[in-house]
Engineer: 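Got a structure for you, written out below as structure tokens; questions coming shortly.
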Amino acid sequence: MPSQPVRSVRRTVRVAAPAHVVYGMLADAPRWPVLLPSYVHVERMDFDGAGETLLAWEFQDGRVRSSRLRRTLRPQAHRVDFEQDDPAWPGDTVAGSWSAEPDGAERSLVTLWQQTPNAPANAPAGPDGLDADTAGRLARLREAAERWDRLDELLLAFEERMRVEGPAELVYDFLYRVEDWPELLPHVDGSSVREDRPGTQVVVLDTAAAGAGPAAGPDDGAAGFETVRLCFPHAGRIVFKETAPPAPLTAHSGEWSLVPDESGLTVVCAHRVLLGEEPLEAALGAGALPVDARRQVRERLGRESRQTLRLAKWHAESPVRRLRQGRGGSRR
């Protein structure tokens, strides 16, 4: 059987950010979901200081795709070499590198080189998909990197916690069955769930005027917000990311996690938010400042997370209370 020809693409863009900043974003893969639009979640499987293995989930063309990346970090050269198992072309591996070269004090030339054997003619991405993929990834990185001097003001991370004295399985069941939320949560009017494979959900929540759901974002009117959720039942985790959050958000990702102990568990809802840079008056009213946006987002998402946590607590503790009451009654 003849070997497949190798297709290679190299593109370079000028970025208004120092080379060390661009390299820092490339190296900090777990933060990609809040900085790069296509990434839902990145999990670091191992790391020895220079080499690492990542599992990455991306949402593109309405589908969630997962891949495994093996990377070598070269901080002195501002370069990351990688091999990625491409889910669009089974059996093929995309190899390549990112590099950032200084172009003055606060600018850089960023190059992405990728190569792969040509895909079969009927492959979903097509042979020319690598060109579009390379250009798209460079454009998204440039957009994120050029906010480098304002990220401290635009990024926001926080969490809500609640103690539950009940089975973790019941808490997880409540969080997983998002299709039931319209009947239980005051800020959710409707929902639709598509689960192409077990544990991977694409959810649309119709939210009330009070704001969007705890796995969505705040909004001043009722609307449907699409959220991708990755469910890991054995680990007690549900990772989520909004695909197109409303203003003043540019990105919103997070995670529900269950932390068990001797007598119960703590349920945590963590949020990671990137605020937009468009005039805040359009979203929050005249005279609004970034600090106002941070406070509004924190208050709304926190309130809605607590509503969900309280109902998850009730869902898990009610059977335990009924069981205890039944046992007490049998002794009388």
Engineer: For the pair E195 (side chain) and G199 (backbone), establish whether a donor and an acceptor sit closer than 3.5 Å, ignoring hydrogens and angles.
Structural biologist: yes

Engineer: Taking R303 for the side chain and R298 for the main chain, is one N or O donor matched with an acceptor at less than 3.5 Å?
Structural biologist: no

Engineer: I'd like to know if the side chain of E43 and the backbone of L55 have a donor-acceptor N/O pair within less than 3.5 Å.
Structural biologist: no

Engineer: Taking atom CG of D261 as the centre, does the number of heavy atoms from other residues, nucleotides or ligands within less than 6.0 Å exceed 12?
Structural biologist: yes

Engineer: Would you say T200's side chain and D196's backbone share a donor-acceptor pair under 3.5 angstrom?
Structural biologist: no

Engineer: Ignoring hydrogens, what is the shortest heavy-atom contact between L130 and Q114? Give both atom names and the distance.
Structural biologist: CD2-O, 3.8 Å

Engineer: Any chance the rings of F240 and H252 have centres within less than 6.0 Å?
Structural biologist: yes

Engineer: Tell me every residue that passes side-chain hydrogen bond (donor to acceptor under 3.5 Å, both in side chains) with S8, counting only those two or more places apart in sequence or in another chain.
Structural biologist: W113

Engineer: Distance-only check: which donor-acceptor pairs under 3.5 Å involve side-chain atoms of residues 26-33, not counting sequence neighbours?
Structural biologist:
from : atom 1 : to  : atom 2 : distance (Å)
D28  : OD2    : R31 : NE     : 3.3
W32  : NE1    : M25 : O      : 2.9

Engineer: With salt bridge (charged side-chain N to carboxylate O under 4.0 Å, His left out) as the test, would you mind laying out the steps for E304 and R306 before giving the verdict?
Structural biologist: CA-CA 5 Å; E304 292 150 8; R306 291 190 297 274; over 6 Å; no

Engineer: If you apply the rule salt bridge (charged side-chain N to carboxylate O under 4.0 Å, His left out), what do you find for R63 with E58, and how did you get there?
Structural biologist: CA-CA 8 Å; R63 299 290 177 183; E58 294 186 79; over 6 Å; no

Engineer: Which atom pair, heavy atoms only, marks the closest approach of W314 to S318?
Structural biologist: O-OG, 2.8 Å

Engineer: Kindly indicate whether a cation-pi arrangement holds for R237 with F232, taking the cut-offs as under 6.0 Å to the six-membered ring centre and within 45° of the axis.
Structural biologist: yes

Engineer: Test side-chain contact (heavy atoms from CB on, under 4.5 Å) on I238 and E255 and set out the steps.
Structural biologist: CA-CA 6 Å; I238 297 177; E255 178 177 336; over 6 Å; no

Engineer: If you compare all heavy atoms of A145 against all heavy atoms of V15, which two are closest, and at what distance to 0.1 Å?
Structural biologist: CB-CG1, 3.9 Å

Engineer: Taking it one step at a time, do Q60 and R65 satisfy side-chain contact (heavy atoms from CB on, under 4.5 Å)?
Structural biologist: CA-CA 8 Å; Q60 294 178 312; R65 293 165 51 180; 3.7 Å; yes

Engineer: Between E179 and Y176, which heavy-atom pair has the shortest distance, and what is it?
Structural biologist: OE1-O, 4.2 Å

Engineer: As a quick check of understanding, evaluate side chain to side chain donor-acceptor pair (under 3.5 Å) for E226 and T243, giving each step before the final call.
Structural biologist: CA-CA 6 Å; E226 184 180 66; T243 60; 2.8 Å; yes

Engineer: Apply side-chain contact (heavy atoms from CB on, under 4.5 Å) to K313 and L309, showing your working.
Structural biologist: CA-CA 6 Å; K313 176 181 175 73; L309 286 167; over 6 Å; no

Engineer: When you measure from the side chain of E165 to the backbone of G264, do you find a donor-acceptor pair of N or O atoms at a distance under 3.5 Å?
Structural biologist: no

Engineer: Verify side-chain contact (heavy atoms from CB on, under 4.5 Å) between D131 and R7, making sure each step is shown before the conclusion.
Structural biologist: CA-CA 10 Å; D131 297 276; R7 182 168 182 79; 2.5 Å; yes

Engineer: List, one per line, each side-chain donor-acceptor pair under 3.5 Å for residues 97-108, sequence neighbours excluded.
Structural biologist:
from : atom 1 : to  : atom 2 : distance (Å)
D103 : OD2    : R14 : NE     : 2.7
S108 : OG     : A17 : O      : 2.9

Engineer: Residues two or more places apart in sequence or in another chain: which of them pass side-chain hydrogen bond (donor to acceptor under 3.5 Å, both in side chains) with D46?
Structural biologist: T53

Engineer: Go through the structure and list residues passing side-chain hydrogen bond (donor to acceptor under 3.5 Å, both in side chains) with Q201, not counting sequence neighbours.
Structural biologist: R229

Engineer: Could you work out, with side-chain hydrogen bond (donor to acceptor under 3.5 Å, both in side chains) as the rule, every residue matching T250, not counting sequence neighbours?
Structural biologist: none

Engineer: Would you check if the side chain of K241 reaches a backbone N or O of G254 as a donor-acceptor pair within less than 3.5 Å?
Structural biologist: no

Engineer: To check you understand the geometry: which heavy-atom pair defines the closest contact between A56 and Y39, and what is its length?
Structural biologist: CB-CE2, 4.0 Å

Engineer: If you look at every heavy atom in P37 and R140, which pair is closest and at what distance?
Structural biologist: CD-CD, 3.7 Å

Engineer: Counting the benzene-type ring for Trp, do H78 and H20 have ring centres under 6.0 Å apart?
Structural biologist: no

Engineer: Can you tell which of L274, V34, L301, V297 makes a side-chain contact (heavy atoms from CB on, under 4.5 Å) with L156?
Structural biologist: V297

Engineer: Take the angle between the ring planes of F158 and H271 and call it parallel below 30°, perpendicular above 60°, tilted in between.
Structural biologist: parallel

